[in-house]
> 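There's a structure below that I have some questions on.
Convention: sequence-line order gives letters A, B, ...; per-chain numbering from 1.
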Protein chains: 2
Amino acid sequence: MREAGKRTRGRGTTARPGRPRQAEVARLAGVSQTTVSLVLGKKTGGAAISEETRQKVVGAAESLGYVPDPAARRLAAARNNLLGVFSFTATFPTDVQHSYYPFLVGVEQEAAAQGYDLVLFTGSSPGGTGGGTHALHRARLADGCLILGRHAPTAELCRLVAEGFPVVHLGRRDEPEGPAWVGADYVSASRGVVERLVALGHRRIVLVREDDEAPASTDREQGVREGLEEAGLPVGPEAVFRSADPARELTSDRVREWVADGVTAFVAEETDTSAAWRALNAALAEAGLNCPGDVSLALLGSPPPDAADGPTPAGFDIPRAQLGAAAVRLLAALVAGEQASEPLVACTFRPGDTLAPPRRTSPQPPDPLPGPRVPGRGRNRNTRTEQGEPTQ
Amino acid sequence: MREAGKRTRGRGTTARPGRPRQAEVARLAGVSQTTVSLVLGKKTGGAAISEETRQKVVGAAESLGYVPDPAARRLAAARNNLLGVFSFTATFPTDVQHSYYPFLVGVEQEAAAQGYDLVLFTGSSPGGTGGGTHALHRARLADGCLILGRHAPTAELCRLVAEGFPVVHLGRRDEPEGPAWVGADYVSASRGVVERLVALGHRRIVLVREDDEAPASTDREQGVREGLEEAGLPVGPEAVFRSADPARELTSDRVREWVADGVTAFVAEETDTSAAWRALNAALAEAGLNCPGDVSLALLGSPPPDAADGPTPAGFDIPRAQLGAAAVRLLAALVAGEQASEPLVACTFRPGDTLAPPRRTSPQPPDPLPGPRVPGRGRNRNTRTEQGEPTQ
DNA sequence: TTGTATGCGTTATCAT
DNA sequence: ATGATAACGCATACAA
């Protein structure tokens with residue numbers, strides 16, 4: 001049935017006119033298609049190919065303007081060199097501030113380096129093929145998949161993971177059976193900040209944070225606690241001020257009280273809103289305390305863009321590009337069947353200009369580093385924030 | 001030869017564990033693979049499929065998490081719902097200023113709306129499968145492809161186009177056989193700016209531009225000329241100051257001369273460097289002329305970000321997101337085999353605060369509007385910029 | 001060293 | 001209304 005060449009070409013909707021195939025190159029070069037594949041694929045594969053045939057093939061290919069068909073290549077190779085990127089808010093929101101752009105910088109670079117292209121799954125927006133909660137199904141189109149937003153449908157996600165599909169989440173996750181992830185090492189970074197303060201001579205340091213259970217928050221607190229503990233400083237409740245509404249509850253009176261009580265440095269967590277940081281600055285200003293002089297300040301994260309003109313707060317920056325790159329590396333490793341290693345990426349310390357040694361007028365005894373001194377009403381230091389080391 | 005199932009799986013380097021295929025869906029549903037393809041492909045193809053089998057198939061596919069393999073689909077000459085994005089500088093450069101981000105905003109939105117996912121081909125960076133000048137080859141994995149940078153290898157590009165592969169370039173192109181494109185309507189926008197100036201009473205207007213042959217430059221000039229002509233104002237060489245090095249050649253003396261000669265308004269083109277605009281401002285400042293008072297100023301484009309604190313220059317903004325969206329719409333149309341329509345996207349006028357009526361002290365006769373002023377838009381006789389409508 | 005045969009997953013044609 | 005079967009273009013185990 002079917003005469004030769006009956007409908008050999010132009011079957012599909014996208015008729016591809018004269019694209020030369022390996023077979024034609026082969027004919028022109030007087031060799032077999034296999035040889036063409038071998039030569040053009042550069043796969044010396046242990047064996048060699050006579051320089052003569054190689055030349056013939058290359059010449060023929062060139063004169064025909066042969067280019068390999070990626071679809072065919074990928075179909076045959078059983079991989080498509082595609083890494084999916086899933087963001088459960090728009091990947092490119094109109095407000096650049098909240099975008100994943102900084103991560104994408106690293107993602108793209110590393111993907112290119114690893115030889116992958118990126119598939120941007122156009123979010124959970126309607127109109128997409130999958131649509132809605134089933135959006136994740138399209139992920140299988142790629143060799144593996146990167147999750148960006150925090151609002152991925154957990155069930156779907158875990159299903160993918162359970163089925164062995166390589167998935168990496170950008171940002172920490174706590175599910176035991178959840179996807180692999182990479183995240184910033186907030187604990188170490190925060191501890192490092194406290195260490196600097198201690199090194200400068202500060203002995204009473206207060207962390208100001210919002211009332212949030214996000215890992216990003218609890219990690220920072222743990223880091224601060226570790227730093228304090230390490231220096232033998234009190235880690236009791238008086239070391240942390242936690243408020244759901246810092247703007248109102250963090251008053252100038254409260255600040256004055258702290259300072260009178262011997263506090264010489266404040267550390268604020270950084271969040272979407274920077275509420276803690278803003279409130280702290282406002283309260284200090286209202287209390288008439290200025291920053292490097294009267295008290296030292298540090299911000300556990302990058303300053304909000306609208307504060308670009310003030311003094312640069314000391315603290316740390318999240319290496320977003322590196323995080324993106326790390327995520328891609330991890331994903332590539334998973335795709336290749338290798339095992340993943342360290343999911344944490346170190347933050348970089350930002351000296352800023354809000355740090356100084358404490359005023360000597362404070363009521364602190366000038367003793368160096370006191371031992372594990374547990375102050376009067378100190379509850380025990382319960383550093384166990386219990387989120388455990390990442391298992392990935 | 002070859003026993004059945006001898007090496008059916010795991011041939012490739014990256015064995016993808018359980019990526020379900022249509023055959024497995026078929027087995028689970030108790031039908032043939034063909035039926036699965038029919039059902040999942042929604043191709044009613046003349047025949048119908050019993051609702052019962054359809055349900056079985058859909059159910060099986062869903063429970064298996066089946067997703068069609070894009071490569072296979074492509075190879076079989078079908079569509080992917082994948083749109084390629086090719087940027088010939090990094091898609092996400094570290095310097096956000098120069099990025100395609102604003103375009104991508106629209107691209108993503110419109111792609112989602114049209115039901116496409118995006119494939120970001122990781123630039124011309126080495127390490128990519130194709131690498132170097134052959135980077136464009138990978139495009140064929142998608143149904144069509146968007147070109148972002150200005151440095152795409154023209155030959156390859158035209159080849160794709162010649163072979164009937166849907167390609168849309170973001171930004172004007174002049175090749176007759178080149179890809180379809182969408183671009184900002186600089187001509188109309190520039191003409192509009194001149195019209196405003198004229199409406200304010202300006203009769204002597206000078207365009208300051210760099211020495212560049214890019215369409216973006218010549219279009220602006222043409223728009224200005226059209227605006228002048230329309231108002232019956234002189235469009236001779238004295239209306240355009242063109243310089244390869246405005247910073248040096250656009251002196252304060254030159255500016256004073258113009259003003260003495262009756263010039264009351266300047267229009268500067270906007271480029272990468274904003275050289276014309278900067279030079280103009282510098283010269284005016286040095287000449288002691290201030291802006292809305294002594295002369296009116298307009299900028300044919302968006303002001304450079306580092307000028308954010310000065311007065312907002314009047315002029316127009318390029319609706320980048322809309323451009324991106326328009327590009328996707330066009331590409332989708334091409335993929336669907338439809339014909340393309342209007343490649344130009346209108347810019348939005350920016351009033352700014354650098355415009356005012358001319359000083360009455362100038363030697364202009366206060367006569368109203370001389371000449372054939374056509375107030376309406378008469379949108380073209382136009383744009384005879386000769387790049388013709390895209391032939392796609 | 002080169003050629004032969006076969007499969008990758010899908011769509012499309014033609015039989016049933 | 002379904003099921004075989006043949007491509008699509010390339011890569012590879014295996015034979016020569």
Side-chain angles (χ1 to χ4, degrees), chain A residues 1-16 19-26 29-54 56-57 66-80 140-141, chain B residues 1-16 19-26 29-54 56-57 66-80 129 137 140-141:
Chain A
M1 356 274 93
R2 165 173 184 289
E3 345 280 305
K6 185 178 179 184
R7 58 164 193 77
T8 309
R9 284 215 166 254
R11 171 170 49 125
T13 54
T14 312
R16 284 161 291 187
R19 252 173 95 68
R21 323 168 263 176
Q22 284 189 348
E24 310 185 9
V25 176
V31 300
S32 79
Q33 179 260 324
T34 304
T35 307
V36 175
S37 175
L38 250 37
V39 170
L40 267 34
K42 306 184 195 305
K43 305 277 182 178
T44 53
I49 286 191
S50 82
E51 191 51 32
E52 193 185 331
T53 22
R54 149 170 267 102
K56 279 193 301 188
V57 169
Y66 168 82
V67 298
D69 182 323
R73 193 197 278 273
R74 285 166 189 191
L75 183 55
R79 70 179 302 165
N80 52 33
R140 308 191 94 97
L141 180 151
Chain B
M1 335 281 110
R2 169 177 180 284
E3 344 281 308
K6 186 178 179 183
R7 58 166 192 74
T8 308
R9 283 214 165 255
R11 171 169 48 124
T13 53
T14 312
R16 282 165 297 181
R19 194 127 158 228
R21 322 168 264 172
Q22 285 188 346
E24 309 184 8
V25 176
V31 298
S32 81
Q33 180 263 330
T34 304
T35 306
V36 174
S37 176
L38 249 36
V39 171
L40 266 35
K42 303 187 198 306
K43 306 277 183 180
T44 53
I49 286 192
S50 80
E51 191 51 32
E52 192 184 330
T53 20
R54 150 170 264 103
K56 279 192 302 188
V57 170
Y66 168 81
V67 163
D69 182 319
R73 229 193 168 118
R74 244 351 247 174
L75 189 56
R79 354 185 336 195
N80 256 353
T129 307
H137 296 7
R140 303 196 92 89
L141 185 68

> Could you state the CG-C1' distance from B:L141 to C:dG9, rounded to the nearest angstrom?
14 Å
> So if I take every side-chain heavy atom of B:L75 and compare against C:dT10, D:dC8, C:dT1, which nucleotide ends up nearest?
D:dC8
> Would you compute the distance between atom CG of B:N80 and atom CZ of B:R140 and round it to the nearest 0.5 angstrom?
13.0 Å
> Given atom CD of B:E24 and atom P of C:dC8, what is their separation to the nearest angstrom?
11 Å
> At 4.0 Å (heavy atoms only), tell me whether A:V36 reaches a base, stays on the sugar-phosphate, or touches nothing.
nothing
> Once you round it to whole Å, what is the distance between C1' of C:dT1 and CG of A:L38?
10 Å
> Check if the side chain of A:T35 and the base of C:dT1 share a donor-acceptor pair of N or O atoms closer than 3.5 Å.
no
> CG of B:N80 versus C1' of C:dG9: gap in Å, rounded?
12 Å
> Is any side-chain N or O of B:S37 closer than 4.0 Å to OP1 or OP2 of C:dA12?
no
> Please report, rounded to the nearest Å, how far the P atom of D:dT2 is from the CZ atom of B:R54.
10 Å
> Which comes earlier along DNA chain D counting from the 5' end, the contact point of B:A72 or that of B:Q33, where each point is its nearest nucleotide?
B:Q33
> Could you work out, with side chain to side chain contact (heavy atoms under 4.5 Å, CB included) as the rule, every residue matching A:A29, not counting sequence neighbours?
A:V31, A:K56, A:V57, A:A60
> Could you work out, with side chain to side chain contact (heavy atoms under 4.5 Å, CB included) as the rule, every residue matching A:E52, not counting sequence neighbours?
A:S50
> Can you tell me the distance, in whole Å, between the CD atom of B:Q22 and the P atom of C:dA12?
11 Å
> Rounded off to whole Å, could you give me the CZ-to-P distance for the B:R21 and C:dT11 pair?
15 Å
> I want to check one thing: is the phosphate of C:dT11, taken as OP1 and OP2, less than 4.0 Å away from some side-chain N or O of B:R73?
yes
> Taking only the side-chain heavy atoms of B:V31 (C-beta and beyond), determine which of C:dG3, D:dC10, D:dG3 contains the nearest atom.
D:dG3
> Of the nucleotides D:dG3, C:dT1, D:dA1, which one has an atom closest to the side chain of A:S50?
C:dT1
> For the base of D:dT5, is there a side-chain donor-acceptor partner from B:T34 under 3.5 Å away?
yes
> Specify the separation, in whole Å, of atom CZ of B:R74 and atom P of D:dC10.
14 Å
> Working to the nearest 0.5 angstrom, can you tell me the gap between B:Q22 CD and B:D69 CG?
10.0 Å
> Any luck finding a side-chain donor-acceptor pair between A:T35 and A:S32 under 3.5 Å?
yes
